[in-house]
Amino acid sequence: MKTIGIIGSGISGLSAAAVLALNGQKVVVFEKNDQLGGRMRQFEANGFTFDMGPSWYWMPDVFERFYKQFGYSGSDFYELKKLDPGFQMITADGETVKIPAGWDELLALFEQIETGAADKLKAFMREAEYKYEVGVKKLIYQPGLSVLELINADTISGVFRLQIFSSFSKHVRRYFKNDTLIALMEFPVLFLGAMPKNTPALYSLMNYAGLKQGTFYPMGGFKKVIDAMVQISREHGVEFNTAEGVDAIKKESNSKISLTTHARSIQLDGLIASADYQHVESKLLQQKDRNYTE
Ligand SMILES: Cc1cc2nc3c(=O)[nH]c(=O)nc-3n(C[C@H](O)[C@H](O)[C@H](O)COP(=O)(O)OP(=O)(O)OC[C@H]3O[C@@H](n4cnc5c(N)ncnc54)[C@H](O)[C@@H]3O)c2cc1C
């Protein structure tokens, strides 16, 4: 059994902790806040509860896949409600467009905004679904150790359909002319933190997630997801230390890693830093171990 440290208890740190513990490792989580959950934590005041970060639960199959490894389903922890409308969009002219959860209603809305757009949406989504099947169900679960992982029968045979090298912005405009529809179709990729013109058309898989699968909400708020992951982690022996931020990471000559907090110094066999990259790189790693300059 190896001892693996995890910096941060956001959804990424928690999922890593649970999976490592399931695979027989001793896992110790360090969280600088006094609450677990990172950007998915909650804030309560005057009888109201606020989600501090996410409010769109997309790709429920990704969550289900996680729970299934532990013999659970999301419904063991919270009720997942499909929102209808999924969301609404307010255009620059102040017009409100409600995005229906039902596929037939969505097609009708597109047709109402632009003649012929319903058929275009069907064609767009066929491609988007293919990209979702290959991209989300196959590629993202690779360990990420080599670029060769991305080269397999699906990616070779589908290299043109996956549209890794063409622009998302141009892709959308090939299907739709109306500004409202273009804005609606372009917005999901903003979640990736990039502009549509700089994003590969592969990411129309996000439209499939948001418009075809739909937008969900875990009743009780996103902290329900965190509570579920913490419960699962604890059931597998993960140790949590809150209000204990990591101050420094050092690689030792015996191939161990030492990690320092205000309370102690601990030696580990492995470490996952799930806090923001810039913070870990420039504040926690020693100068010689950094990949980038400031
Ligand atoms: C306002 C907002 C809205 C969002 N909306 C959505 C949405 O609708 N749908 C969606 O899917 N995503 C949404 N996101 C994105 C989503 O919340 C994040 O991608 C996700 O929560 C990030 O999880 P993480 O584990 O990678 O990082 P984080 O949640 O940031 O976790 C990192 C943890 O590391 C801790 N930490 C940092 N430094 C140290 C240290 N030195 N020592 C110990 N601990 C440390 C932090 O306190 C934190 O708890 C939203 C984000 C925000 C901010």
Side-chain angles (χ1 to χ4, degrees), residues 4-20 27-43 50-66 74 78 80-83 86-89 99 132 136 140 144 187-194 203 205-211 213-218 221-230 233 238-250 257-266 268 271-286 290:
I4 313 291
I6 297 198
I7 302 177
S9 68
I11 190 168
S12 64
L14 290 175
S15 55
V19 171
L20 282 166
V27 182
V28 190
V29 176
F30 294 90
E31 169 54 57
K32 73 171 166 55
N33 293 338
D34 51 14
Q35 249 187 78
L36 301 171
R39 290 181 166 98
M40 281 173 78
R41 69 193 182 281
Q42 256 175 7
F43 169 68
F50 301 88
D51 282 330
M52 294 300 281
S55 49
W56 310 65
Y57 190 110
W58 279 9
M59 307 186 183
D61 49 310
V62 173
F63 290 84
E64 273 314 304
R65 185 184 183 276
F66 172 82
Y78 45 84
L80 198 58
K81 196 170 170 187
K82 187 168 186 179
L83 303 180
F87 56 94
Q88 67 180 17
M89 187 179 130
I99 309 304
Y132 190 89
V136 175
I140 64 168
F187 121 84
V189 302
L190 298 178
F191 280 150
L192 306 172
Y203 285 103
L205 64 85
M206 295 289 285
N207 298 72
Y208 176 75
L211 296 173
Q213 288 186 324
T215 301
F216 297 80
Y217 190 75
F222 270 72
K223 183 160 175 293
K224 291 280 182 188
V225 181
I226 294 300
D227 290 345
M229 289 186 159
V230 171
S233 300
V238 173
E239 176 192 316
F240 287 98
N241 300 286
T242 49
E244 190 169 354
V246 172
D247 298 322
I249 302 167
K250 190 175 166 209
I257 297 163
S258 67
L259 187 152
T260 310
T261 74
H262 68 87
R264 60 183 144 166
S265 191
I266 177 174
L268 303 161
L271 173 69
I272 291 183
S274 84
D276 287 358
Y277 188 93
Q278 192 273 344
H279 169 69
V280 175
E281 167 95 8
S282 65
K283 303 285 183 308
L284 306 187
L285 284 178
Q286 292 190 302
R290 295 179 190 167

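First listed ligand is number 1; within each ligand, the first listed atom is number 1.
Short contacts between ligand 1 and Met40, defined as distances under 4.0 Å to a heavy atom of the residue, involve ligand atoms 21 (O). If you number the atoms of ligand 1 from 1 as listed, the ones under 4.0 Å from a heavy atom of Ser274 come out as 32 (C). Contact atoms of ligand 1 toward Ser55: 7 (C), 8 (O) (distance under 4.0 Å to a heavy atom of the residue). For ligand 1, the atoms closer than 4.0 angstrom to any heavy atom of His279 are 38 (N), 39 (C), 40 (C), 41 (N). Within ligand 1, counting atoms from 1 as listed, the ones closer than 4.0 Å to a heavy atom of Gly245 are 42 (N), 43 (C).
Remark: atom 6 (C) of ligand 1 lies closer than 4.0 Å to at least one protein heavy atom. Atom 18 (C) of ligand 1 is never approached by the protein to below 4.0 angstrom, counting heavy atoms only.
Ring centroids of Phe191 and Trp56 are separated by less than 6.0 Å, placing the two rings close together. Phe240 has its ring centre no less than 6.0 Å from the ring centre of Phe30. Close placement of the Phe87 and Phe187 rings is indicated, their centers lying within 6.0 Å of each other.
Residues Ile257 and Ile249 meet the side-chain proximity criterion, which asks for heavy atoms closer than 4.5 Å.
The side-chain contact (heavy atoms from CB on, under 4.5 Å) test with Ile7 singles out one residue from Val280, Leu284, Thr261, and that residue is Leu284.
With respect to atom 24 (P) of ligand 1, the closest heavy atom belonging to the protein is Ser12 OG, 3.3 Å. Counting protein heavy atoms only, atom 23 (O) of ligand 1 is closest to Ile11 CG2, 3.6 Å. Looking from atom 45 (C) of ligand 1 to the surrounding protein, the closest heavy atom is Lys32 CG, 3.8 Å. Looking at atom 9 (N) of ligand 1, its nearest protein heavy atom turns out to be Trp56 O, 2.9 Å. Annotation: atom 49 (O) of ligand 1 to nearest protein heavy atom, Glu31 OE1, 2.6 Å. The protein atom (non-hydrogen) at minimum distance from atom 36 (N) of ligand 1 is Ala275 CB, 3.8 Å. Here the protein heavy atom with the shortest distance to atom 53 (C) of ligand 1 is Arg39 CD, 3.9 Å. Atom 16 (C) of ligand 1 has its closest protein heavy atom at Pro54 CG, 4.1 Å.
For Ser282, the side-chain hydrogen bond (donor to acceptor under 3.5 Å, both in side chains) partners at least two apart in sequence or on another chain are Gln278.
Contacts between Arg41 and ligand 1, counted as non-hydrogen atom pairs separated by less than 4.0 Å, are absent for every part of the residue.
Here Asp51 does not pair with Lys224 in a salt bridge; the nearest charged N to carboxylate O distance is not below 4.0 Å.
A distance-only check finds no donor-acceptor pair linking the side chain of Lys32 to the backbone of Asp247 [under 3.5 Å].
Comparing heavy-atom distances from atom 40 (C) of ligand 1 across Val246, Ile249, Leu36, Asn241 singles out Val246 as nearest.
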Inset, instruction - In sequence, state the C-alpha distance, the side-chain angles, and the governing distance for Arg39 and Asp276, and then conclude on salt bridge (Lys or Arg N to Asp or Glu O under 4.0 Å). - result: CA-CA 11 Å; Arg39 290 181 166 98; Asp276 287 358; 2.9 Å; yes

Inset, instruction - Determine, stepwise, if the pair Tyr57 / Tyr78 fulfils side chain to side chain donor-acceptor pair (under 3.5 Å). - result: CA-CA 13 Å; Tyr57 190 110; Tyr78 45 84; 2.7 Å; yes

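Annotation for Ser9 and Leu36: closest pair OG-CA, 3.3 Å, computed over non-hydrogen atoms.
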